[in-house]
Participant: 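Pasting a structure below so you can have a look.
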Amino acid sequence: MARGGEPVLETAGLGLTIGGARILSGVDLRVGRGELVGVIGPNGAGKTTLFNLISGLYRPTSGRVLLDGRDVTAASVAVRARAGLGRTFQTSSLFPRLSVAENVRLATQRRLGGSLSVLSFPRRGDAASAEAAEHLVTVGLTHRTDAAAGDLSHGDKRKLEIAVLLAMDSSVVLLDEPMAGVATGDVAGLVEVIRSINASGRTVLMVEHHMDVVLGLADRVAVLHHGELLTCDVPERVMTDETVQSAYLGTTAGSAA
Amino acid sequence: ACAPTGASSTGGSGDDENAAPIDVGIVYSESGPLAAYGAAYKQGFEAGIDHATDGTGTVAGHELNVTFHDDAGDPEKAVSQAKDLIGKGYQILGGTVVSGVALPLAEQAEQNKVLYVSGPAAVDTLTGLNRYTFRSGRQSLQDVAAAGTFVDPKGAKVVVFAQDNAFGQGNLAAVEGVLGGQGAEVSSVLVPEDATEFTPFAKKVLDAGADMVFVAWAGATTGAMWQGLDQQGVLDETTVVTGLGDVATYGAYGDAAEKVSFLNHYFPGAAGTETETAMLDAVEAAGGTPDLFTPDGFVAAQMIVHAVEEGAGDVEAMVDALEGYTFEGPKGETTVRATDHALIQPMYQAKLVKDGDTWTPELVEVIDGESVAPAEVTE
Amino acid sequence: MSTLILLLATGLGLGGLYFLVASGLSLIYGLMGVLNFAHGSFLTLGAFVGLAAGNLVGAGTWGGLLLGLLVGALTGAAAATATELGLIRPLYNRHIEQVLVTVGLSLATVALFEGIWGPNPRNVTRTDWLASTTDVLGAHVPNTAFLNVLAAAAVLGGIVAFLRYTRYGLIIRAGVENRAMVTALGIDVRQAFTLVFAVGGAAAGLGGVLATQSLNYVSPHMGASLLIFAFIVTVIGGMGSLTGAAVASVVVAVLQQLANFYLNNTGDLIVVLLLALVLLVRPSGLMGRPA
Amino acid sequence: MNRVTTRLGGLALLVLLGCLPLLAIPVPGVLPGYTYEPGTLQLLALCWLTAALALSYHLLFGVAGLMSFGHALYFAAGIYGLAIVLDRTDVPLLPAAALVLVGGVALAFVVGAISLRVTGISFAMVTLAFAQAGNVLVRRDQGDLTGGEEGLALATDGVPAALVGVVNTRNLYWLALVVLLFVYLVVLWIERSRAGHVAAAVRENEVRVRIIGGRPYLTKLVVFVLAASLATVVGMAYLLLQSGASPATSTADFTLTLLVMVVLGGVGSRWGAVVGAVLYTLLDQRLAELAHSEAVAGLPAVLRIPLSEPMFLLGTCFVLVVLFLPGGLAGAAARLAARRRPGSDQDGSGPASGVPAPEGAVA
Amino acid sequence: MSGPNVLEVRGLSARIAGQEVVHDVSFEVPASGVTAVLGRNGVGKTSTLRAILGLVERSGEVLLDGVRVDGERTDRIVRRGVGYVPEDREVFAGLTVAENLRLAERSGATAHGTTPERRELVDALFPDLVKRAGQRAGTLSGGQQQMVSLARALLNDNRILLVDEPTKGLAPRIVTEVAETLATAARTVPVLLVEQNLQVVERLAERVVVIDAGRVVHTGPARELLDDPDLVQRLLGVSAGSAGDEAEVGR
Ligand SMILES: Nc1ncnc2c1ncn2[C@@H]1O[C@H](COP(=O)(O)OP(=O)(O)OP(=O)(O)O)[C@@H](O)[C@H]1O
Ligand SMILES: Nc1ncnc2c1ncn2[C@@H]1O[C@H](COP(=O)(O)OP(=O)(O)OP(=O)(O)O)[C@@H](O)[C@H]1O
Ligand SMILES: [Mg+2]
Ligand SMILES: [Mg+2]
C-alpha cells in the first residue's frame, strides 16, 4: 500500500473459466486510494480480462470484486460506473458517428442527471456541455469538437477516451493500454494527463506495454502470467524478479538465443 | 375536373341530343388476388350495358361515360378511387369483387349520398346496410339456403366445415340461421385460416356423423382440403355440399368432385334464358370467357341503366327506381327487394362430370329465387 | 387415440415441410449472416419450374416427380447463385443492406411471378400413392407426411455431410470464422459462399416442389406464406443451427397441430408464445451459439 | 444562417402545403387531378399520414438503430382501437382517442419489454412474431370485434360532421398535415433531447453506454414506446381518413414497406423518411395507372408483364437504391450538395449515409 | 543480397475504413534472406503486409518476381507463391489442427503447391502438431497456435513468406524456437518479417525497412541500424542501450 492506506479496489480470488478453459484464476489484488498500479504481462495473460471482470462486462466464475469496501460482484456495469468506476478499452470504443463533443457530453450528462429526459435538450451552454468542453481542453482536442469521433486519427481517439473518462469523474480509473497507437510525440503529454488524473486523488489501474511509461508512472506494478497474479510490488523489485524477466521481458532468453 | 372536352359523343340515335353524359365509375379488381373475378365482372358489365342500351351506350339521351378503376383488392386504394370519383361529381359507383372493399365503398356511398351497386362480394351485411347501396350478385344466405335444398333440414344433423375467419364464421351463422331455423341441428368444425395441414379436422368431421356437411372454403388450400376430406372418407359417408366456384376451381376437387353436391350461383349455360344467351354471345364476341361472376356485371349494368333511365342526375330518384325493380336478368327473373335491397334470384344445384381431362358442370335443378330469398333485414 | 396419432403424424409431416423451407434459410444465415427474405421466392420459382418440368414427363407419375425435384432444386440453386453474385456479393459484409436487398427482391419477384403465372393457385396432380393414405394404428395418415419427413431427413443429412466431409465444407466452416484468412491461404472463398447460397437455394427449390405435393397447389404466394414459419423455426432453433432448426420444426409443427385441434385454433398464437418464451429463457435459441 | 434559411424554407413549404386545397395546380402523371379535388387531396393526405408513420419508424430504426419488423402492430392498434371504441361505445372522438393512445402505450410497453431482451436479427424476428399474432387476432375476428378480413367501418356518430364525407376531404387533408407536422416536431424534439442523444449513443456502441453508467435497455424501451405511440396516433388519423379499418395495415408486409420507405429516403434522415414515404405512396398508388396504360399494354410480353406489376417496379427500385445509392435519397442529396459546395473536402460521408451498424453482432 | 528482387513495392498506399493508414510506401525484398519491417505500434506495418496481399483497399504497385499483382485478388496472389503468417495467428479455432493444415494445402500440381516432401518437412519441424492433429485449434496454447500458423505457410513451396510478429505474446523459450524455425525456412525462401523484438531482428534480418506514420523512413542493412543507438532511438523510439543488450528498462 504505497499511498492512501485503505483499499479502494479489491479483488479476492477472482477467477474466470470459459468452457473449461481457465482464463484467470485466484487474483488477489488490493489497490489503495490514490495509488497508480501498472499491470503488465504477456499477451493473453488475462490483463484485459481482469479489467472486464472488475468493470462488470464479464461475470467471474469465482471470487469477488470490492469497490470502496462494497461487494459489487453481482452489480451491473452501469451500477459500477455510477459508483465511480471508469475505464477505457484496448481498442478504441467510442460512438463513431456522434461528434467529439457529444461523446464527452453523454458522460457528463449522465452524471449530472436527466439523461433519459425527453423534455430537455442538450444545449451548448448548459452545465453538461460546459464541463465537457473543459475536458476537451485538458486533453487538447478543442480543434476537433464537431468532428465525428469515427473520423479521428488513432491518437486523437485515445485522447478522446481519456476525456470521456475525465467526464465520468470516476474515483477509480482502469486504463487498458492508453499509449497504444499514440504517436511518440504525444506520449509525454498523455503521460502528464494520466499523472494529473492520479494527482487529483483518483486511483488508476493501467495496463501498458510501454515499459518506460509504466515505470515512470506506477507506484506498484502487478504482473499477470497465464491468468495468475505473479507479483505486485514496487517497480524496482518487479523488474529484477526472475520470473518477470524470463516470462515477460524475455531478457534472459533473448541473450541466450 | 378532367372534363374530356365536349368532343360531342356521336351518340347515334339519341332522342335527346342535349342531355348531359352520365358518369359511371366502376371500381374493381383489375389486378390483385381476385383479378380473375374482376375480369369476368367487367366483361359481364360491358355486355350488360350493350344489352340494356341496345348497343347505343346511351340512356334517355344521356351518354353513359363508364370508367373502370383498379383497386387491386385493396380497400385503401378503393376508397381513394371512390373519393376521387365522387369528388369529380360521379353519382353512380359500381363494382368490387371483394367483401373487404365493398363495405368501405358502401360506407362512402352513404356518407356522400351516391348510388352504389356492389359487385360479386357475397358478404351478407351489405344487404340492408344503407339506402344507397345495392348489390348485383347473390349473398351468402342465398348460398346456404340453396344448400338446404339438398336434404330435408328438419331434424337433420348439419356440420359446417369452414375456415375460422369472417367468411367461414359468416357462413356458419348463416347456416345456423337458415337451416337451424328450419329445424336442423347445426354444429361446426372450424379450421384456422392459415393452416396448411388439416387432415385431423377432416377426421373430426367424419367422427361427427352428420347427415349433411356444408363446406365453406376459399383460397389456395381448397384442393388440399378436398383431398383431406376424401382421404378420411367423409365424402363416402355423407352428403357434402359446397358452392361451385369459377371455372378455374373445377379441377381443385380432383376425383372428389364426383362425390360432392354443388349449389351454384351461376355457371355458363345454367340458366338457359334468352337474356343469358344474349350475355354469353356478347361476352364471347368481345373475346371474353363467361364465368361465375359474369352475370353480376351484367345485372349491375341492367340496374344502372334502369336507374339512369328513371332518375338521371338525381340520386334519390335513382334509388327509388331501383327499389322493387323486377327485371329479366341472365339467371331469370330478378328482383331488387324494396326493403333491404337483397337481390332475389334463382340459384342452381349442379354436379361436376369428367370430360376427358377436365371437369364440366351439369345442371341438376334450378332453385326458385323466392324459396332461397334471405330473411328481410329490418333496422 | 387414432386422432392423436393422426395429429402427431401430420404434425411430423408438417415439421418436415417447415424444415425443408428453413434448412436453406438457416444454412445461409448461419454461414453468411444474411437473413434471406427472398428465400420464399427461390422456393416458389423452384416449385413452378420443377412442376412444369415434371409435367413434361407426366403429371402424377413418379418419374415426373423425380425430374420435378431435380429441376426444382437446380432452379432454386440457379436463382440463388444469381442473387448472390448480383446482389449479395457487392454488399460484402454489410449485413443490414443485404437483408434489405433480399426484402426488395422478394417484393419484386412475387409480383413478377403473379404477372407470369397469375395470382391464383394452380392445382397439382400427384401420384396415386401420394394422394392416398396409409393406415397407422387406425389413423389414415396422408402419405405426403412420410415423404416430407423422409425428404427433410435426407436434406438435413445431406447438408451436414456436405459441411463435414467435403473440402468445400471445410472452406465454408473456416470462412465463417475468418473469411480474410481463408483468402490469405490462397482459396477463393467467394466461390465457396456462392456455393452456400446455391445449396440453400437448391434446398428451397426442392422444398418448393415437395411443398406442392402436400399443399396440393402451387401459387406465387406459397413461398411467402411458408417463409414466416421458417423464420420462426430458425429463430427458435437458434440462428444458424441446422439441427436446432430441425428440432424446432418438429416442435413447432406438432405444437401447432395440437393447439389448433384441442385449443380452439390457437396454433399460430401458441407458436408466437413459444417463440417469446424461448427467447426470454435462451436468447440465442434452442441450439444457437451464445452471442 | 444556414439553419435560418432551412427553417424559412420549411415554413414556406408548410404554408404552401396548407394552401393546396385552395389552389388549382395540376401535376399530370403524379396527381390524379387538380390539387383542390377530393381525389387528389385524399392521395396527398394519405402521403402525409404515411410520411408521419415513416417518421415514427425512423425514430426507431434511424435514431435508435432498432430494426423492428412489427411496427405495423401499433399503427393497426390505433386504427382498430379507435374503430372499436367508436363502434362499441358512445365515447366521443377525443376522449376515445386518448383512451386508445393509452392502450397503444401499454401494448408497446409490454411487447417492447419482452422483445428488447434480444438484439439484432432476433429482435426483428420477435417483433415480427408479435405483429403476426396481432394480425392473426385481427383476421380471426375474435368476439366480432374486428370484422376479420372484411374490416371495420368507421362509426361516424361520434365523429364531428366536418370530418365525414367527400366534401370534407379538405378538412381531412388538413388533419393529416397537422398530424405529420406534429409527428415531425415530436421526432425532432426527441432526437434533439437528451434521451435522443443517448439513444443514438446506444445505437453506436451499447457497451460504451453501459461503461459511462447509462442504461441501454431503458433507453431503447423509451424510444420504442414513443415510436409506437406516434404510430398509434397516425393510425387513428388514418382511420378517419379512410373511414374504415382493413387488416392489411396489420401485416408484416406493411412494416416491410415502412422499412422500404425509410431506406429509400435514407436511413437516419428525417427528411429522407418523409420524402421516401411520399414517394413510395405516390408510386404505389400511381404505378398501377402506368401498369394499365396503353403504352404498356402494347409492349411484348417480356416487357409488359414486369411493367404491369407495380410491386415489381417498386421492389426493383428499392434494390437499386440499396445497391447504388447508399444513404438513400438523402445521402444522394448530401453528396450532390457537397460536390456543389466549393472547398468542401468531405466526400459525402454525411451523417445520413449508410445504415446503422446492427446491434448484436450478426457475424 | 544480389540477384533480382522477389518482391517490389512501389508507391503503395492502404486505406482502412476510409482512412489512409499507409502512404506511398516503396521497398524491395531480395531473393534470399530475411528483410525486417520495423516501426512502432500502429504505424502501418501490418497494413503494409495486408496491402501487399490485397486484404485491404490499396493503390500503388506490387511486383512479384517482376510481375504486377496489385490488380489481383488475394487468393490469386497467394497462389502465386506467397505464404502469410498473420499477426494474431488467426488459426481456425473451430477446426482441428489437421483440418487447419488440410485447408492450407494447395494442390501440388500447381506451381508453389504442396508436395509430399514439404509435408514431411513440416511434420519434422512440428512434431507437436502431428501429435495433436485431432485437437481443436482453439484449445491450443498460444505457442502451439503460432506453430499451426507457421506450418500453414511452410506447407507450400512458396516464393516468399510474409510473417507478421511471429513472436508476439510467446514465452521466451518459444520465441527462440520460432526464430530457429524461421532461420531454417529463410535458407530456402525469402522472408518479409515484421518484428518488434529487436533481438529476433538482430538474429535473423539482413535488411530493414523502418516505417513511421505510414511512411518508409529508413531502409538499409540491419546492422547499420542496430549498431547506431541514436538511429534506433530516433526511428523506433527505443531509448538507452544497444538493442542486443539488456531490455529497454531504465527510467
Ligand atoms: N470470451 C472469451 N472466450 C474464450 N477465451 C477468452 C475470452 N476472453 C478472453 N479469452 C482468452 O483469455 C486469455 C486472456 O485474454 P486477455 O484479453 O485478458 O489478455 P491480455 O492479457 O489483455 O492480452 P493483450 O496484452 O494481448 O491485450 C486469452 O488467451 C484469450 O484468448
Ligand atoms: N480495422 C481497422 N479499423 C480502423 N483503423 C484501423 C484498423 N486496423 C488498423 N487500423 C489503423 O491503421 C493504422 C495502422 O495499423 P497497423 O495494424 O498496420 O499497424 P502496425 O504497424 O502493424 O501496428 P502494431 O505494431 O500494433 O501491429 C493504425 O493507426 C490503426 O489504428
Ligand atoms: Mg488486453
Ligand atoms: Mg501489426
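Atoms considered below: every heavy atom in the structure, side chains included; atoms not considered: hydrogens, waters and symmetry mates. Order of the sequence lines fixes the chain letters, A, B, ..., with proteins taken first and strands second; residue numbering starts at 1 for each chain. It should be emphasised that the depicted structure is a prediction, and the values quoted were computed from it without experimental measurement.
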Participant: Determine the interplanar angle of the C:Phe229 and C:Tyr18 rings, folded into 0 to 90°, and report it as parallel if under 30°, tilted if 30 to 60°, perpendicular if over 60°.
Facilitator: parallel
Participant: Could you have a look at C:Thr102, C:Asp268, C:Ile228 and say which one has the most heavy-atom pairs with chain D under 4.5 angstrom?
Facilitator: C:Ile228
Participant: Counting heavy-atom pairs under 4.5 Å to chain D, which of C:Ile116, C:Leu91, C:Val271, C:Val272 comes out on top?
Facilitator: C:Val272
Participant: Count the heavy atoms belonging to other residues, nucleotides or ligands that lie under 6.0 Å from CZ of D:Phe109, then report whether that count exceeds 12.
Facilitator: no
Participant: What ring pair (Phe, Tyr, Trp, His ring centres under 6.0 Å) pairs are there with at least one residue in residues 245-272 of chain C, not counting sequence neighbours?
Facilitator: B:Phe201-C:Phe261
Participant: Could you grab the distance from atom CZ of C:Phe37 to atom CZ of C:Phe231, nearest 0.5 Å is fine?
Facilitator: 4.0 Å
Participant: Going by atom types only, do D:Arg139 and D:Ser250 share a side-chain donor-acceptor pair under 3.5 Å?
Facilitator: no
Participant: Please look at D:Phe69 and chain C and tell me whether the side chain, the backbone, both or neither of the residue comes under 4.5 angstrom of a heavy atom of that chain.
Facilitator: side chain
Participant: Is chain D contacted by the side chain of C:Leu35, its backbone, both, or neither, given a heavy-atom distance below 4.5 Å?
Facilitator: side chain
Participant: At a heavy-atom distance under 4.5 Å, which candidate from D:Leu323, D:Val321, D:Leu128 has the highest pair count against chain C?
Facilitator: D:Leu323
Participant: Measure D:Ile114 against the heavy atoms of chain C and call it side chain, backbone, both or neither at under 4.5 Å.
Facilitator: both
Participant: Not counting sequence neighbours, which residues clear ring pair (Phe, Tyr, Trp, His ring centres under 6.0 Å) with C:Phe113? List them please.
Facilitator: C:Trp117
Participant: In terms of heavy-atom proximity below 4.5 Å to chain C, should D:Phe318 be classed as side chain, backbone, both, or neither?
Facilitator: side chain
Participant: Does C:Ser26 use its side chain to pair, donor to acceptor, with the backbone of C:Thr234 at less than 3.5 Å?
Facilitator: no
Participant: In terms of heavy-atom pairs under 4.5 Å, which option from C:Pro90, C:Ala276, C:Ala108 contacts chain D the most?
Facilitator: C:Ala108
Participant: Measure C:Val235 against the heavy atoms of chain D and call it side chain, backbone, both or neither at under 4.5 Å.
Facilitator: side chain
